[in-house]
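Below, each value reflects all heavy atoms present in this structure, side chains not excepted, and no hydrogens, waters or symmetry copies.
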Amino acid sequence: MSYAADVLNAAHLELHGGGDAELRRPFDPTAHDLDASFRLTRFADLKGRGCKVPQEVLSKLVSALQQDYSAQDQEAQFLNVAIPRIGIGLDCAVIPLRHGGLCLVQTTDFFYPIVDDPYMMGKIACANVLSDLYAMGVTDCDNMLMLLAVSTKMTEKERDVVIPLIMRGFKDSALEAGTTVTGGQSVVNPWCTIGGVASTICQPNEWR
């Protein structure tokens, strides 16, 4: 097999996967005609918890978003069970809906690249968003949105190779979780950013 054909096969496998997930190869920049020194993690200066605002600072910053809900709002009844309104400061917002005692459970999260494989970065980002639902005891997600910032430091070639892989990873992770990505928002930014929104409608006994 020629080198060119091998490169095309590697790129196709990374984008589309194979019959067995174990067959997927690690990201190889040269397989996409990128420089061998390409590293996705170079497109952000902070990683992991290093990009988080300290909790005590965050609490002060978001205090203006807090609202005083009436007792009626806080104790919406469904089968004589109170549905509390949960919001700022926890993994998810839990909002009683006006339709028959149902709740909207919703979360959003994003962060910067922590691995150099774009496809895996997309999967990690999606799993990170979904984990906030799971932390509330919610096991099903009805819908996801994707939030994506393309780094202004990327060349057009890097953008056209890396971003589709990130999006494919995010989508595949959502499908594995039994949900779909139906939209989102994309912008350009000095740092590459990937995240999303996860939403589900459930009854009070479906979350904790």
Side-chain angles (χ1 to χ4, degrees), residues 15-17 21 24 48-49 51-53 58 62 65-67 69-115 117-150 162-187 189 192-208:
L15 272 172
H16 304 291
R24 185 185 170 275
R49 297 192 65 84
C51 63
K52 295 287 189 179
V53 177
L58 181 62
V62 302
L65 295 177
Q66 298 283 7
Q67 297 185 44
Y69 297 105
S70 67
Q72 182 178 0
D73 287 334
Q74 292 181 338
E75 298 179 1
Q77 297 290 318
F78 176 62
L79 297 179
N80 297 318
V81 176
I83 306 175
R85 181 186 293 267
I86 295 176
I88 297 169
L90 296 179
D91 294 295
C92 295
V94 180
I95 309 299
L97 299 180
R98 62 184 181 276
H99 305 296
L102 297 175
C103 296
L104 168 66
V105 182
Q106 191 170 63
T107 185
T108 184
D109 208 341
F110 67 88
F111 50 28
Y112 310 116
I114 57 174
V115 297
D117 185 325
Y119 177 82
M120 290 307 299
M121 187 63 244
K123 296 199 74 172
I124 291 169
C126 181
N128 181 56
V129 177
L130 288 168
S131 69
D132 287 341
L133 284 186
Y134 301 154
M136 298 294 289
V138 176
T139 57
D140 295 311
C141 178
D142 291 326
N143 185 63
M144 295 196 74
L145 303 176
M146 184 188 302
L147 305 176
L148 180 64
V150 181
V162 169
I163 298 307
L165 285 170
I166 291 177
M167 297 176 71
R168 174 59 67 104
F170 194 99
K171 174 187 175 183
D172 285 353
S173 188
L175 290 174
E176 290 172 10
T179 188
T180 55
V181 182
T182 60
Q185 176 74 316
S186 59
V187 297
N189 190 62
C192 183
T193 305
I194 177 67
V197 178
S199 306
T200 194
I201 304 297
C202 64
Q203 296 181 356
N205 61 355
E206 295 180 282
W207 65 273
R208 63 174 186 272

Any side-chain heavy-atom pair from [X] and [Y] closer than 4.5 angstrom?
{"X": "V181", "Y": "C126", "value": "no"}
{"X": "I201", "Y": "L104", "value": "yes"}
{"X": "V138", "Y": "C92", "value": "no"}
{"X": "M144", "Y": "T182", "value": "no"}
{"X": "M146", "Y": "I194", "value": "yes"}
{"X": "T107", "Y": "V197", "value": "no"}

Between [atom1] on residue [X] and [atom2] on residue [Y], distance to nearest 0.5 Å:
{"X": "I124", "Y": "I166", "atom1": "CD1", "atom2": "CD1", "value": "11.0 Å"}
{"X": "D109", "Y": "D132", "atom1": "CG", "atom2": "CG", "value": "5.5 Å"}
{"X": "C202", "Y": "D142", "atom1": "SG", "atom2": "CG", "value": "8.5 Å"}
{"X": "Q106", "Y": "L145", "atom1": "CD", "atom2": "CG", "value": "8.0 Å"}
{"X": "I95", "Y": "S199", "atom1": "CD1", "atom2": "OG", "value": "11.0 Å"}
{"X": "C103", "Y": "L97", "atom1": "SG", "atom2": "CG", "value": "6.5 Å"}

Determine whether a donor-acceptor pair (N or O, by modelled atom type, separation under 3.5 Å) exists between the side chain of T200 and the backbone of D140.
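It does hold such a pair.
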Main chain of L148, side chain of T193: is a donor-acceptor contact present, judged purely on distance under 3.5 Å?
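No; zero donor-acceptor contacts below 3.5 Å.
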Taking all non-hydrogen atoms of both residues, which atom of [X] and which atom of [Y] are closest, and how far apart?
{"X": "A198", "Y": "L133", "result": "CB-CD1, 3.8 Å"}
{"X": "Y134", "Y": "A177", "result": "OH-CB, 3.6 Å"}
{"X": "G196", "Y": "T108", "result": "O-OG1, 3.0 Å"}
{"X": "I114", "Y": "M121", "result": "N-SD, 3.3 Å"}

